[in-house]
Amino acid sequence: MKRTTIYVFLFIAIVSAASIIITFQCRQLGGQGTQLKKFSSYAELKKFVKENLRKPYYAAYGYKGTPVAVFEERLETSPTTVEYSKTNVQVEGVDEADIVKTDGKYIYVASGENVTIVKAYPPENACILSKIELNGTVTGIYVNKDKLIVFESSFHPFYEVYSSFTQQVSIKIYNISDREKPVLTRNITLSGWYFDSRMINDYVYVIVNSPAIKIMEEGKIEVILPKISVNGHEETVSANNIYYSDVSDHYYTYTIIMAINVQNDHEKPTYETILMGVTSCMYVSLNNIYLAVPKWSKIGASTTIIHRVHIEGSKIKYEASGQVPGRVLNQFSMDEYRGYFRIATTTGHVARIIEEATSANHIYILNMNMSIVGKIENIAPGETIYSARFMGNRCYLVTFKKVDPFFVVDLEDPTNPKILGKLKISGYSDYLHPYDENHIIGIGKETVEAEEGDFAWYQGVKISLFDVSDVKDPKEISKYVIGDRGTETPVLYDHKALLFDKNRNLLVIPVLVAEIDEEEYPEGVPPYVHGEYTWQGVYVFNISLEEGIVLRGKITHIENETISTIYYWYSPYMVKRALYIGNILYTISDKKIKMSSLDTLEEINEIKL
């Protein structure tokens, strides 16, 4: 028993390390990737896994893979014709689950094991209407007309297994025609852990990773099948309905892609199941889901396998697979445009203490058969991709080592992509957001080059506005730096935390501000010194081509709390999201919704959750 427990912690430690392994140099690949097949029986599945599974067995422990990121925040109109902001998503018409949603009259807040429905507009009459209490953690929600879709994750022990646990995902659909009394109409449960989801019209597409093995006593394994339950009626996915490829792997995991009609409670969910390595990230267009799976060698992820799955309403159909050299940063490193799939990757590693840099960056263009038809390789050798954004016939790419090279790439001819121009400035951008066709917003960190060594010290949060109207000579036309070294914003790793509206010249981001007392450093502040945390809330900016990025004001929920509380402990009053309804700015934390005038930022009302 003790020995098995040690195995568990050892495997979990190895998994954690695996997510940050740096890969080796690019190998030339071309042509179409291995196509998936289906098992003929459970016996064939069991034999395949046991013969091809590489040790150690990471997949049994719920490893999700690399953590994971529309021209502007879309305007919607409520029945009362009040404009309101929507979740910042990557693709127009493809909604993404988030912890806060609004429909222009109500706000829905997911926090911990609860979802709270708030009457939000008009702000003078704001109040809590109902609270849904669940047994597990809410990982995201959607609102579709009078339906609320909730993703709930929970853990259950493997009683017959001594070394592991299993995770379960529930998709709960509520009828909220009466917001004061939500009614659960469907409960769909899958064995595994929630990876991601999208909503297109009335269909939610959810991706769940389910372990293919269980670890028994003395390290023995048992090949298992995923289970799906709809309103209490459980079924086991048949082995002969599972796709697979002839690739051995450390992380054998079932990836379940399910389509749910959230408006029709009588339509049965449909799904496809693929046995493969753990998906690292996903891109979804209006017609296809692209799953990126790292292919591991002894020294890291040398290539990425991409599976294209066609979606159309309830129809889910695997269609093609391919592979490209390198690793993918996040969903914004992928894109589909006019029948082609584009992807940006990094191979190798940046400079280490005793090793020279081997890293390089690449853009590959694939057709719908997932065959490479065009590429640019060896961009910014020695650096690594920090952010990417595909916009029509262009790609904007940020790499970093000491300064920020901002690349403009022409993709008009899919077979012959070209770098048009680049800009080198201090700092880097973790997230790129379109302002318009010729201007890009970058959000990342300011940096100071180290006096010794080939690197730079990151400083405060930096917001940049780039002009790319002259593609051969891009310019940074405005920038704003918040705080000192240690300042953070969730926008750097979660694009849904950004509120941007070009028509209103509005940009809002949550920020945890760190500041350095310069009096403590009379000879100058060293670039490696962290500041002390002094404030958390949202920064509200005006952003325009005429005036650049101008701070309008700040809003916080943290009152009567000490600095040490913010620094050492998570505060439930840390603002996570901002949205607007009409001319009211709503800021949301786990414990409070504050309503302020968009014109003056003066507080109008607040609700304690």
Side-chain angles (χ1 to χ4, degrees), residues 11-29 33-34 36 49 52-69 192-193 195-196 207-213 243-255 257 274-284 289-309 320-335 341-350 358-364 366 370 372 377 384-386 388 493:
F11 292 151
I12 293 174
I14 295 172
V15 170
S16 299
S19 67
I20 58 172
I21 288 177
I22 303 175
T23 62
F24 66 100
Q25 282 185 301
C26 166
R27 294 184 300 174
Q28 296 296 322
L29 291 174
T34 304
L36 299 182
V49 172
N52 291 278
L53 181 66
R54 298 182 186 177
K55 296 180 181 181
Y57 319 116
Y58 300 134
Y61 298 96
Y63 173 53
K64 178 177 176 177
T66 306
V68 167
W193 52 97
F195 178 74
D196 213 338
I207 286 76
V208 171
N209 288 330
S210 183
I213 62 172
Y243 286 99
Y244 75 102
S245 63
D246 292 322
V247 178
S248 60
D249 198 84
H250 295 294
Y251 317 99
Y252 273 138
T253 304
Y254 301 111
T255 297
I257 306 166
I274 306 173
L275 177 71
M276 58 186 186
V278 176
T279 302
S280 64
C281 57
M282 176 180 84
Y283 170 83
V284 181
I289 295 174
Y290 297 88
L291 302 172
V293 183
K295 182 179 177 182
W296 297 89
S297 69
K298 291 182 179 180
I299 58 173
S302 56
T303 61
T304 295
I305 299 173
I306 306 149
H307 300 292
R308 180 172 72 85
V309 179
S321 295
Q323 59 181 326
V324 295
R327 59 190 180 275
V328 184
L329 177 64
N330 56 33
Q331 69 187 63
F332 292 99
S333 296
M334 301 184 287
D335 176 78
F341 176 73
R342 296 94 65 89
I343 184 169
T345 68
T346 298
T347 53
H349 60 77
V350 295
T358 62
S359 62
N361 307 286
H362 325 280
I363 294 175
Y364 296 96
L366 293 78
M370 295 288 95
I372 297 173
E377 295 183 309
T384 186
I385 293 175
Y386 269 60
Y493 52 85

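Here, residue 1 is the first one in the sequence, and each next residue gets the next number.
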If every non-hydrogen atom of [X] is compared with every non-hydrogen atom of [Y], which pair is closest and at what distance?
X	Y	value
R327	T304	CA-OG1, 3.7 Å
G348	T358	CA-OG1, 3.5 Å
M282	F195	CB-CE2, 3.9 Å
P325	T347	C-CG2, 3.9 Å
L36	S321	CG-OG, 4.0 Å
T279	T255	OG1-OG1, 3.7 Å

All ring pair (Phe, Tyr, Trp, His ring centres under 6.0 Å) counterparts of Y243, not counting sequence neighbours = Y318
Reference residue L291; test side-chain contact (heavy atoms from CB on, under 4.5 Å); the match among D196, V284, I257 =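 Going through D196, V284, I257 one by one, the side-chain contact (heavy atoms from CB on, under 4.5 Å) with L291 is satisfied by I257 alone.
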Side chain to side chain donor-acceptor pair (under 3.5 Å) partners of S333, counting only residues at least two apart |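 Per chain and number, S333 pairs via side chain to side chain donor-acceptor pair (under 3.5 Å) with no residue.
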Y290 meets the side chain to side chain donor-acceptor pair (under 3.5 Å) criterion, sequence neighbours left out, with E336
Heavy-atom distance under 4.5 Å between the side chains of V49 and Y244, does that happen here?
->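 SC-SC contact between V49 and Y244 ruled out.
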Just do the side chain to side chain contact (heavy atoms under 4.5 Å, CB included) check on Y493 and N330 with the steps written out, would you?
-> CA-CA 9 Å; Y493 52 85; N330 56 33; over 6 Å; no
Kindly determine whether Y252 and I213 satisfy side chain to side chain contact (heavy atoms under 4.5 Å, CB included), including the steps that lead there.
-> CA-CA 8 Å; Y252 273 138; I213 62 172; 5.6 Å; no
